[in-house]
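The first residue of the sequence shown is numbered 1, and numbering continues consecutively from there.
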Amino acid sequence: MGAGDLKKFARFVEFTEEDRTALDALLEPETITAGRTLFCEGNEADALILLKSGRVRLLTGASGEMGLMCEGTWLGAISLMTIGRREAT
């Protein structure tokens, strides 16, 4: 992704360049094809997803569509930080 790209994410704006470089070294970039399911509701959280470009639709079994996430957002933080299960697909 690149340390400079992390500035697009509100959470990382106040990080120093050194901190963003260290974080970038931990990231595992992945290109996702349109229509692919990234994770499923009820699965154990195992990653935080930083959306560099594109859009991701979030769905739940109970209420249907939760929303549309756009570049510069992250997905899965709540489930990952609480060591819980995914709340959406």
(request) Nearest 0.5 Å please: distance from the CG atom of Leu26 over to the OG1 atom of Thr21. (result) 11.0 Å
For residues 48-56, which side-chain donor-acceptor pairs fall under 3.5 Å, sequence neighbours excluded?
from	atom 1	to	atom 2	distance (Å)
Lys52	NZ	Asp5	OD2	3.3

(message) Rounded at 0.5 Å granularity, tell me how far OG1 in Thr73 sits from CZ in Arg11.
(response) 15.0 Å
(message) If I compare all heavy atoms of Phe12 with all of Leu6, which pair ends up nearest, and what's the gap?
(response) CB-O, 3.4 Å
(message) Rounded at 0.5 Å granularity, tell me how far NZ in Lys7 sits from CZ in Phe15.
(response) 13.5 Å
(request) Sort and list the pairs that fulfil salt bridge (Lys or Arg N to Asp or Glu O under 4.0 Å) and have at least one residue in residues 19-32, not counting sequence neighbours. (result) Glu17-Arg20, Glu30-Arg36
